[in-house]
Amino acid sequence: MEVAEAGAETPKAEKKPAKKAAKKESPAKKETPAETAAKAAAKEAAKATEKKGDDLTKIKGIGKAYQQKLNDEGIYTYEDVANMSEEQIAMMEEKYSFKGDFKESVADAKNILNSKEA
């Protein structure tokens, strides 16, 4: 009888660690769909900027945060900035509270673009 009892305890002991392991894995997998989508969007934006964009932070008045805002609006290159219309400039200044005169940044983008072509 003792052998049967020992054999009965062994399967229970094996099952318990498996349940604990499953519980340990659960917290790492608890990522909401919104978080997953946000991470995917960030990766896509980074790839898009690397592939078809210029480093807009080289333009006077534009830092990393404002570069991201420009990218969000579909502006990735010096040429995109240099060719912005008055309406686009006004929209960027109002929508993102640009500090300073964004027209100066557009002019600087034109200078950078001209120096690249020369």
Side-chain angles (χ1 to χ4, degrees):
M1 281 193 200
E2 293 178 20
V3 175
E5 290 177 15
E9 291 178 19
T10 304
K12 289 180 183 177
E14 289 176 9
K15 289 181 182 177
K16 287 181 182 178
K19 288 181 181 178
K20 288 181 181 177
K23 288 180 182 177
K24 288 180 183 177
E25 292 175 12
S26 298
K29 292 184 180 180
K30 287 187 178 181
E31 188 172 276
T32 66
E35 290 172 333
T36 304
K39 286 182 181 179
K43 287 180 183 179
E44 291 286 328
K47 286 180 184 178
T49 302
E50 289 174 15
K51 289 183 182 177
K52 61 179 178 179
D54 293 322
D55 181 7
L56 301 182
T57 61
K58 292 182 179 181
I59 298 172
K60 180 181 174 185
I62 297 178
K64 289 182 180 182
Y66 208 76
Q67 175 175 311
Q68 184 59 51
K69 292 173 183 178
L70 287 165
N71 292 163
D72 291 345
E73 296 294 331
I75 299 168
Y76 296 96
T77 65
Y78 300 131
E79 187 174 1
D80 292 341
V81 176
N83 293 325
M84 288 178 74
S85 69
E86 292 292 325
E87 292 170 352
Q88 288 175 308
I89 293 168
M91 183 273 302
M92 292 301 290
E93 288 178 334
E94 290 174 26
K95 185 173 181 179
Y96 295 112
S97 302
F98 186 77
K99 295 178 182 171
D101 187 0
F102 192 69
K103 290 177 186 175
E104 290 178 14
S105 297
V106 172
D108 194 44
K110 288 178 183 178
N111 290 336
I112 291 170
L113 195 59
N114 290 334
S115 67
K116 279 180 104 176
E117 291 175 359

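Taken to the nearest 0.5 Å, the CD1 atom of I62 stands 9.0 Å off from the CD1 atom of I75. How far CD of E93 is from CG of D101: 6.0 Å, rounded to the nearest 0.5 Å. Here the straight-line distance linking atom CZ of F102 with atom CE of M84 works out to 4.5 Å at 0.5 Å rounding. Note: Y78 OH to N111 CG = 12.5 Å, rounded to the nearest 0.5 Å.
Under the side-chain contact (heavy atoms from CB on, under 4.5 Å) criterion, K95 pairs with E73, M91, not counting sequence neighbours. By the side chain to side chain donor-acceptor pair (under 3.5 Å) test, D80 pairs with T77, sequence neighbours left out. For the side chain to side chain donor-acceptor pair (under 3.5 Å) test, residues two or more places apart in sequence or in another chain that qualify with D55 are T57. For Y96, there are no ring pair (Phe, Tyr, Trp, His ring centres under 6.0 Å) partners two or more places apart in sequence or in a different chain. S85 is linked by a side-chain contact (heavy atoms from CB on, under 4.5 Å) to E87, Q88, counting only residues two or more places apart in sequence or in another chain.
Residues A109 and A82 come closest through the heavy atom pair CB-N, 4.0 Å. A pairwise comparison of heavy atoms in V81 and S105 identifies CG1-O, 4.3 Å as the closest pair.
Legend: salt bridge (Lys or Arg N to Asp or Glu O under 4.0 Å) pairs involving residues 102-115, not counting sequence neighbours, sorted by first then second residue: K60-E104, E86-K103.
Side chains of D54 and K116 form a contact here, defined as non-hydrogen atoms less than 4.5 Å apart.
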